[in-house]
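Start at 1 and go down the list; that is how both ligands and their atoms are numbered.
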Amino acid sequence: MERRNIKQMTLEELEAFLLSLGVKSYRAKQIWSWIYQRHVTDFASMSDLSKDLRSRLEDLASIGTLAPHSAMSSTTDRSVKFLFHLDDGLQIESVLIPERHRMTVCISTQVGCALKCRFCATGQMGFRRDLASWEIVEQVLAAEEYMANAEQEGMRRISNVVLMGMGEPLLNYDQTLRAVRVINHDHALRIGARKITVSTAGIVPAIDRLAGEGLQVKLAISLNAATDDLRTWLMPINKRHRLSTLIDSAKRFVETTGKRITFEYVLIDGVNDSRADARNLARLVGDIPCKVNLIPYNPHRSTPFQPSSPDRVQAFRQYLLPRCPAVTLRASRGQDIGAACGQLCTDSVKRPRRAGTSRRPAAHRRAAISRPRQKK
Ligand code: SAH
């Protein structure tokens, strides 16, 4: 009989499993505390369980663990990129981002990604598989473990979790939500739901579903363009969920949850950073209780794009400031170790054929968009 991975179970499932062994359900909380709060990886160390129970658990159950295969520290900031080898040989990455008042971990929800956003390195590697919830949670545990060992200036615990690593969380909905619940649970990782951000390229039915979960998690929508033409060119998922339906779902999310939403907007040189782009964006989201998070593009060798110049970033921001409820500029972290947004990629991907594809020539926008692949 295959041993059941305790880390893939909810607390209720663990309780039911223990009951099926004739063990009182309160033991489940003890086991969770060993696993998620004391980082124990074997039943033998759970000293408040009877020897008999420990040995039965060893026979019937396992505690899945992912130890980072490598941890690469940035030399320009203190971020750390972790590479994990999964049991089937596939690989994922996550990033620890220390800031003055918080310790954020950016985690992956899939191996690769199916959405093929033109500017994103993960998109270039294609989709391999969904992560199981325990593999998602392990990335947080591993980051805490790393911090405990590295003794980073008093910060011992992760304060914030962002699901902005590899993959589209809302296309792996059930496992992602399961993981979020463990990360948030009082008897597990205890990270406040308000400190957990789910980021999506815009899977409309899943946004509605998330709104109805009764969770306090934050939602970020990666907008990156404010017209359907440009967005479809950058993010093919826009063909399925057009901007108007996406914006409607964002409004419903705000109404249902009472929470402000974040729109992420990656600023790419010559592609989506003009004054007209800023105007379209302000018109689209200006009356929604939201924050617009501007992210200067992080270059990657698999994409031809470049970041907007600091002047253009400032001009874009200045235009939005009086027209949107809140505008922030995300400082880029971990660029030197390929750990910044959109740089996570665990496959060798081809270099773009020509650097010239990075520019969206305004006059030829339609022609360029109508082609499945821009071949200029
Ligand atoms: N699939 C989800 C989560 C992963 S991407 C989503 O799309 O939201 C997380 C964020 O990184 C998104 O906002 C995306 O637009 C941004 N991003 C992708 N590639 C980037 C790059 N090269 N530079 C800066 N941000 C990038």
To the nearest 0.1 Å, how far is [atom] from its closest protein heavy atom, and which atom is that?
atom                    : value
atom 13 (O) of ligand 1 : S222 OG, 2.6 Å
atom 9 (C) of ligand 1  : M164 O, 3.6 Å
atom 19 (N) of ligand 1 : G342 CA, 3.0 Å
atom 15 (O) of ligand 1 : N224 ND2, 3.0 Å
atom 21 (C) of ligand 1 : C341 O, 3.0 Å

**Asked** Taking the inter-plane angle between the rings of W32 and H185 on a 0 to 90° scale, is it parallel (under 30°), tilted (30 to 60°) or perpendicular (over 60°)?
**Response**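 Aromatic pair W32/H185 classed perpendicular.
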Taking atom types as modelled, find out whether [X] and [Y] have a side-chain donor-acceptor pair closer than 3.5 angstrom.
X    : Y    : result
S33  : R38  : yes
Q8   : S133 : yes
R178 : Q175 : no

Could you tell me which atoms of ligand 1, counted from 1 in the order shown, lie closer than 4.0 angstrom to a heavy atom of [X]?
X    : answer
E264 : 13 (O)
N298 : 21 (C), 22 (N), 23 (N), 24 (C)
A201 : 6 (C), 7 (O), 8 (O)
Y297 : 21 (C), 22 (N), 23 (N)

Near [X] [atom1], under 6.0 Å, is it more than 12 heavy atoms from other residues, nucleotides or ligands?
X    : atom1 : answer
R129 : CZ    : yes
K29  : NZ    : no
R279 : CZ    : yes

**Prompt:** Is G167 close to ligand 1, meaning an N/O of one under 3.5 Å from an N/O of the other?
**Reply:**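 Between G167 and ligand 1, an N or O pair is found under 3.5 Å apart.
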**Asked** So is E168 in contact with ligand 1, going by heavy-atom distances below 4.0 Å?
**Response**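 It does, in that a heavy atom of E168 comes within the 4.0 Å cut-off of ligand 1.
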**Message:** Looking at ligand 1, is there an atom of it that comes within less than 4.0 Å of some heavy atom belonging to G202?
**Reply:** no
**Prompt:** Among D228, D229, T227, N224, which one satisfies side chain to side chain donor-acceptor pair (under 3.5 Å) with N238?
**Reply:** D228
**Item:** Side chain, backbone, both or neither: the part of F119 lying under 4.0 Å from ligand 1 by heavy atom
**Value:** both
**Request:** Of the side chain and backbone of V266, name the one, both, or neither that has a heavy atom under 4.0 Å from an atom of ligand 1.
**Result:** side chain
**Prompt:** S199 and L163: side chain to side chain contact (heavy atoms under 4.5 Å, CB included), yes or no, with the steps?
**Reply:** CA-CA 6 Å; S199 181; L163 285 77; 5.7 Å; no
**Closest to atom 4 (C) of ligand 1 among C117, P169, G165, C113 (heavy-atom distance)** = G165
**Request:** Could you tell me which non-hydrogen atom of I107 sits nearest to which non-hydrogen atom of S94, and how far apart they are?
**Result:** CA-CB, 4.1 Å
